[in-house]
K.L.:
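One structure coming up, written as structure tokens, with questions to follow.
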There are 2 protein chains.
Amino acid sequence: MQALERSMKIAALLSDADQGEMSISELSAQSGLALSTMHRILQGMARQRMVEQDEQTKLYRLGPVWMEYGLRLYDSMDYVTKIRPELERLSREVKESVYLSRPSGNEAIVMERIDSEENPIRINDPLGIRIPLHIGAANKAILAAMPEDRVRRIVETLIPEEKRDDFYIKLQQIRDAGFAESHGERTPGTASVAVAVKDGLGEVIGAVSIGFLDYGLENERLAYLSEKVMEAGDRIGRKLGAG
Amino acid sequence: MQALERSMKIAALLSDADQGEMSISELSAQSGLALSTMHRILQGMARQRMVEQDEQTKLYRLGPVWMEYGLRLYDSMDYVTKIRPELERLSREVKESVYLSRPSGNEAIVMERIDSEENPIRINDPLGIRIPLHIGAANKAILAAMPEDRVRRIVETLIPEEKRDDFYIKLQQIRDAGFAESHGERTPGTASVAVAVKDGLGEVIGAVSIGFLDYGLENERLAYLSEKVMEAGDRIGRKLGAG
DNA sequence: AATTGCTTTCCGTTTATCGGAAAAAGGAGG
DNA sequence: CCTCCTTTTTCCGATAAACGGAAAGCAATT
């Protein structure tokens, strides 16, 4: 099944590209595939609308199928009707950017971002990026809310042996506090607070988080943000629990 | 490149499936592919995370890559920061569901939906579906705003020869009125009003529309909605034009 | 007009895909 | 607990489909 493998590699390259566009020779160079091979695969991908080629510049970019299926999945997950309005509310309350992440394997995908309209500062984690589950407040909140055996399996693949005990202690602190916080873990100068969200069956379906600048922050503000993020998490959980 | 073709066919089947899940034998039956072939392809797709298999039920469903790339594309299009807040505002104003569609070939994809929190009635076109450009108010608004040669090419592939003249007249009416409306075209009992949205370069990037129940509707309400949708279209256009 | 830097097509070789058939795994019923 | 049936997974030799080097097109640039 190497055609698929190569296609997905190409999709990944395009997704990370500067303007989301690359020439056939650039792709060939970066992937190590021969030009003719690359050309043939791109033709095939284009027929499936996985990529499209700019008529003028000949550059390739990702096609519409990704969004098509992506949006359908998104819409099938109660986001639009149940979760997003709560995120909007939280964002208006705290006047900061608010995120929703969703676990997927050993990582979480940033599913949703609401930028505060009143706060010009944008930390702007892009939607769709994957972040390992041990990094950041949102992901640690997710881990802390998962059943123990699953946590153990994930921790054992992500964290070197000698650091695991510290990490388990950290997770327990998150459970005790009811929220997770991180400072400068992914982006220097920024911090975030987060809580996990469970569906009606008790499954962890993601985490709500607030991202903000970690500069000259008073303790009261931090307490306020963590209070608000917990409230939002509660409200979403109740919405999902009720059906 | 038949592996790709088959994979995308499978993705399409899964996307249309009941709960978004199908067994390998169901897939094999519906696609006409041999079980072993289907199994091999699904394994390959699973390695690329295009599908995932439920550990208990063995059923397959679409994997996370679609959302990953879909969200990144979505985020690269100014939706989150510029367009969505205006849709929220429009939805709050008119207390109805608001949509954003985006053209892609001869069709448009429903990119965004804001359900009014105060109005319990949900028409609920799902996100991600493709609708031919000659169907519905939003899509006709898009067509009416496109350059003439492009319109002609699209109309000639979508509409039978004897009905084209009527259609061109309809498009001109939309241009004159400044908005498009449709009644029961896709879903009986529902109607919508829409305007096209252009970016800074004058390219049509989509249409904003309001969907509502077409029952006992006074003329004033219709005039109000069309007025509001045009205002929202203007605001978005100006945001995009400014950069 | 010639050069350069790309994209696209050609085509003989080879290798990865194909799918029928057999094996394994899971349930349902006795 | 065992048997029968359904569904999933693995095997493997034949074959068609992908491979990629090289040549041909195409379009700016000098």
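Note on naming: letters A, B, ... go to the chains in the order of the sequence lines (proteins, then strands), and numbering restarts at 1 for each one.
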K.L.:
Sequence neighbours excluded, which residues qualify as salt bridge (charged side-chain N to carboxylate O under 4.0 Å, His left out) partners of B:R130?
P.N.:
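Per chain and number, B:R130 pairs via salt bridge (charged side-chain N to carboxylate O under 4.0 Å, His left out) with A:E68, B:E107.
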K.L.:
Going by number, which of residues 51-60 of chain A have a non-hydrogen atom under 4.0 Å from DNA chain C?
P.N.:
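DNA chain C contact set from residues 51-60 of chain A: A:Q53, A:K58, A:Y60.
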K.L.:
Check B:K140 with B:E185, please: is the shortest side-chain N to carboxylate O separation under 4.0 Å?
P.N.:
yes
K.L.:
Output yes when A:D165 and A:K170 qualify as a salt bridge under the 4.0 Å nitrogen-oxygen rule, no when they do not.
P.N.:
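The answer is no: the pair does not qualify as a salt bridge.
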K.L.:
Heavy atoms within less than 4.0 Å of DNA chain C: which residues of residues 5-15 of chain B have one? Give them sorted by number.
P.N.:
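Per residue number, the list reads B:R6.
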K.L.:
To the nearest 10°, let me know how far the axis at one end of the helix from C:dA1-D:dT30 to C:dG30-D:dC1 is tilted from the axis at the other, five pairs an end.
P.N.:
40°
K.L.:
Go through it in stages, so that I can follow the logic: the residues are B:M45 and A:L4, the test is side chain to side chain contact (heavy atoms under 4.5 Å, CB included), and I'd like the CA-CA distance, side-chain angles, deciding distance and then a yes or no.
P.N.:
CA-CA 7 Å; B:M45 290 176 80; A:L4 268 195; 3.6 Å; yes
K.L.:
Starting from C1' on C:dC18, measure out to CG on B:L4 and report it in whole angstrom.
P.N.:
17 Å
K.L.:
Return the set of residues passing salt bridge (charged side-chain N to carboxylate O under 4.0 Å, His left out) with B:D54 (not counting sequence neighbours), or none when no residue passes.
P.N.:
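Listed in chain order: B:R61.
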K.L.:
Are A:Q43 and A:R40 linked by a side-chain donor-acceptor pair shorter than 3.5 Å?
P.N.:
no
K.L.:
May I ask you to list the residues of residues 21-40 of chain A, by number, that have any heavy atom positioned under 4.0 Å from an atom of DNA chain C?
P.N.:
A:S23, A:I24, A:S25, A:L35, A:S36, A:H39
K.L.:
OG of A:S209 to CG of A:L100: how many Å apart, nearest 0.5 Å?
P.N.:
8.0 Å
K.L.:
If only side-chain N and O atoms of A:Q43 are considered, is one of them under 4.0 Å from the OP1 or OP2 phosphate oxygen of C:dT7?
P.N.:
no
K.L.:
Are A:E148 and A:R152 ion-paired here, with the side-chain N under 4.0 Å from a carboxylate O?
P.N.:
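Looking at A:E148 and A:R152, the cut-off is met.
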K.L.:
Which residues satisfy the salt bridge (charged side-chain N to carboxylate O under 4.0 Å, His left out) test with A:E156, sequence neighbours excluded?
P.N.:
none
K.L.:
Salt bridge check: are A:R164 and A:D166 linked by an N-O gap of less than 4.0 Å?
P.N.:
no
K.L.:
Can you confirm whether A:H39 sits close enough to A:S28 that some side-chain heavy atom of one is under 4.5 Å from a side-chain heavy atom of the other?
P.N.:
no
K.L.:
Rounding to a whole Å, what distance do you find between B:L42:CG and C:dT17:C1'?
P.N.:
15 Å
K.L.:
Going 5' to 3' along DNA chain D, which nucleotides are the first and last within contact of chain B (any atom under 4.0 Å from a heavy atom)?
P.N.:
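Extent of the interface on DNA chain D: D:dT7 to D:dA18.
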K.L.:
Test of understanding: with salt bridge (charged side-chain N to carboxylate O under 4.0 Å, His left out), list the residues that count as partners of B:E26, not counting sequence neighbours.
P.N.:
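Counting only residues at least two positions away or on another chain, B:E26 forms no salt bridge (charged side-chain N to carboxylate O under 4.0 Å, His left out).
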K.L.:
I'd like to check the ring-ring contact (aromatic ring centres under 6.0 Å, His included) partners of A:F179; sequence neighbours left out, ordered by chain and number.
P.N.:
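Testing A:F179 for ring-ring contact (aromatic ring centres under 6.0 Å, His included), a comparison that skips the adjacent residues, returns none.
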K.L.:
List in chain and number order the residues that pass ring-ring contact (aromatic ring centres under 6.0 Å, His included) with A:Y60, two or more places apart in sequence or in another chain; answer none if no residue qualifies.
P.N.:
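Result, ring-ring contact (aromatic ring centres under 6.0 Å, His included) vs A:Y60: none returned.
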K.L.:
Run the side chain to side chain donor-acceptor pair (under 3.5 Å) test against A:N106 and tell me which residues pass, sequence neighbours left out.
P.N.:
A:T157
